[in-house]
Amino acid sequence: MSLLTHVLACLFGMGSWVTICGLWVELPLIVPQVPEGWYLPSYLSVLIQVANIGPLFVTLMHRFQPGKLNEVAVIYVIVSFGMLASLLLGFFWKETVMVQGVQRSVPLLLLTFFISIVDCTSSVTFLPFMMQLKPEYLTTYYIGEGLSGLVPAIVALIQGVGVMHCVNGTQNLNLNEAAQLQGRNESVEPLDYLVPLYLPAKFSAEAFFFFLAAMVLVC
C-alpha cells in the first residue's frame, strides 16, 4: 500500500504544471501556424502571470474566510477544468478570430489562460492537501512535480519538435547600390546562403494536446 501511495503521489505531482510545460515545448510546432508568430511566447508569459489571480483568490479566502474553502473540492474542480481545457486546445488551437481587422488566435490564448489558472492554483492547493499525508509522500510529490516538465519534454523529443536541416538558397545581392542611385548600371550577382527547412513531426500538435489532457486525467 505504501508503494501504491508513492506512485499516486508522484502522479498527483505530475499533474501540477504538465499542461503549461507541455505548451512551451510545443511552441516550435505552434508558432509557424498562428498569426502571432514568435510574439506568441510573450503573450503567453503575460497570460501566465495574469493567471495568478487563482492563487490570489485562494490565499484571500484562507485569510478572510478561514475554513470556508474546501481544498479537496477545489482540486477536483481545477483538475477537471484543466483536462477539459487541454482537450479543447487539441481541437481549437489553430482557430483564429478577426479582431479589429487582424486575425488573432483567440481560442488558443483563452484556453492557455484557463490552463494557466489551473496550474498556478495547483501550487497553493495541491501542497496543503499533500501535507495531510506522511512527510515521506511529500518528497514523492515533489519528484512528480519535477516530472511534470520532464515527461512532456521527452514526448516532444520523440515527436521531433523543431528538427530541421539546412538547404542551399540564393539571394540577389547588389554590389553597389549607391552607384545605381547615380544612374550607373551595376551587375547583380547571386549570393549562396543556407535556409532552415523544418522537418514534419512524427505526430501532430493535436495529438500532443490530447496526451496532455490524458496526463491531467491520470493525476
Side-chain angles (χ1 to χ4, degrees), residues 1-30 44 47-48 51-52 54-59 61-62 67-91 93 111-162 201-219:
M1 181 61 69
S2 176
L3 178 59
L4 177 60
T5 306
H6 278 292
V7 172
L8 294 176
C10 184
L11 292 175
F12 187 58
M14 286 176 62
S16 57
W17 283 90
V18 67
T19 46
I20 289 299
C21 293
L23 185 62
W24 278 109
V25 298
E26 198 68 3
L27 281 179
L29 284 185
I30 297 174
L44 297 185
L47 290 174
I48 293 171
N52 281 298
L56 178 61
F57 170 76
V58 173
T59 302
M61 284 292 295
H62 285 312
K68 296 289 185 179
L69 191 65
N70 187 336
E71 290 179 343
V72 175
V74 173
I75 290 173
Y76 275 114
V77 169
I78 64 174
V79 168
S80 301
F81 194 62
M83 182 187 64
L84 178 61
S86 299
L87 193 64
L88 292 175
L89 200 58
F91 290 107
W93 71 273
L111 290 171
T112 299
F113 176 66
F114 294 147
I115 288 173
S116 301
I117 291 178
V118 170
D119 288 3
C120 291
T121 307
S122 71
S123 297
V124 294
T125 53
F126 285 17
L127 189 57
F129 173 77
M130 288 300 303
M131 292 179 68
Q132 300 176 27
L133 304 179
K134 294 180 179 179
E136 56 264 28
Y137 297 129
L138 191 60
T139 302
T140 307
Y141 167 81
Y142 281 127
I143 293 174
E145 195 173 57
L147 291 175
S148 68
L150 178 63
V151 173
I154 293 176
V155 174
L157 288 174
I158 296 172
Q159 183 186 18
V161 171
K202 293 183 177 64
F203 51 89
S204 66
E206 288 86 351
F208 186 83
F209 289 134
F210 294 149
F211 163 75
L212 294 182
M215 288 282 294
V216 178
L217 177 63
V218 167
C219 94

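Reckoned from all heavy atoms, side chains included, excluding hydrogens, waters and symmetry mates. Everything numeric here is computed off the predicted structure, so don't read it as measured data. Position 1 is the first residue of the sequence; numbering continues from there.
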remark   = By side-chain contact (heavy atoms from CB on, under 4.5 Å), P55 pairs with (sequence neighbours left out) N52, C120, T121, V124
ask   = Do F126 and V74 come within less than 4.5 Å of each other through their side chains, counting heavy atoms only?
value = no
N/O donor-acceptor pairs under 3.5 Å from side chains in residues 12-19, not counting sequence neighbours:
| unit_1 | atom_1 | unit_2 | atom_2 | d |
| --- | --- | --- | --- | --- |
| S16 | OG | G13 | O | 2.6 |
| W17 | NE1 | S123 | OG | 3.3 |
| T19 | OG1 | D119 | OD1 | 3.0 |
| T19 | OG1 | D119 | OD2 | 2.7 |

inquiry  = Taking side-chain hydrogen bond (donor to acceptor under 3.5 Å, both in side chains) as the definition, give me every residue that meets it alongside T140, ordered by chain and number, with sequence neighbours left out.
reply    = H6
query = What residue among L111, L23, L87 forms side chain to side chain contact (heavy atoms under 4.5 Å, CB included) with F209?
reply = L23
ask   = Of all residues at least two apart in sequence or in a different chain, which pass the side-chain contact (heavy atoms from CB on, under 4.5 Å) check with K202?
value = none
query = Should I20 and V118 count as side-chain neighbours, where that means a heavy-atom distance under 4.5 Å?
reply = no
ask   = When rounded to the nearest 0.5 angstrom, what is the spacing between OG1 in T112 and CG in L47?
value = 7.0 Å
request  = Name all residues meeting the side-chain contact (heavy atoms from CB on, under 4.5 Å) criterion together with L84; count only those two or more places apart in sequence or in a different chain, and write none if there are none.
outcome  = L88
task = Taking ring-ring contact (aromatic ring centres under 6.0 Å, His included) as the test, write out the residues that go with F81, two or more places apart.
result = F114
Inter-residue atom distance W93.CH2 - I30.CD1, 0.5 Å rounding = 6.0 Å
request  = Begin with the C-alpha distance, continue with both residues' side-chain angles, and end with the deciding distance and a verdict on side chain to side chain contact (heavy atoms under 4.5 Å, CB included) for I117 and I78.
outcome  = CA-CA 8 Å; I117 291 178; I78 64 174; over 6 Å; no
request  = With sequence neighbours excluded, tell me which residues meet ring-ring contact (aromatic ring centres under 6.0 Å, His included) with F91.
outcome  = F210
inquiry  = Check this for me: M61, atom CE, are more than 12 non-hydrogen atoms of other residues, nucleotides or ligands nearer than 6.0 Å?
reply    = yes
key: side-chain contact (heavy atoms from CB on, under 4.5 Å) partners of L150, counting only residues at least two apart   = L147, I154
message = Using the rule given for side chain to side chain contact (heavy atoms under 4.5 Å, CB included), can you reason through Q159 versus E26, listing the C-alpha separation, both sets of side-chain angles and the distance that settles it, and then say yes or no?
response = CA-CA 10 Å; Q159 183 186 18; E26 198 68 3; 2.9 Å; yes
query = Can you list every side-chain hydrogen bond (donor to acceptor under 3.5 Å, both in side chains) pair that touches residues 69-78, not counting sequence neighbours?
reply = H62-E71
query = Between atom CE of M215 and atom OG of S148, what is the distance when rounded to the nearest 0.5 Å?
reply = 8.0 Å
query = Nearest 0.5 Å, what's the OG-CG distance between S116 and L44?
reply = 7.5 Å
query = Atom CD of E145 and atom SG of C10: how far apart are they, to the nearest 0.5 Å?
reply = 11.0 Å
request  = Taking all heavy atoms of A9 and all of M130, pick out the closest pair and write down the distance.
outcome  = CB-CE, 3.8 Å
task = Measure the shortest side-chain to side-chain distance between F208 and P152 over non-hydrogen atoms and say whether it is less than 4.5 angstrom.
result = yes
key: Value rounded to 0.5 Å, distance of CG in L127 from CG in L138   = 5.5 Å
message = E206: which residues meet the salt bridge (Lys or Arg N to Asp or Glu O under 4.0 Å) condition with it, sequence neighbours left out?
response = K94
task = Before giving the answer on side chain to side chain contact (heavy atoms under 4.5 Å, CB included), spell out for Y141 and L11 the whole-Å C-alpha distance, their side-chain angles and the decisive distance to 0.1 Å.
result = CA-CA 8 Å; Y141 167 81; L11 292 175; over 6 Å; no
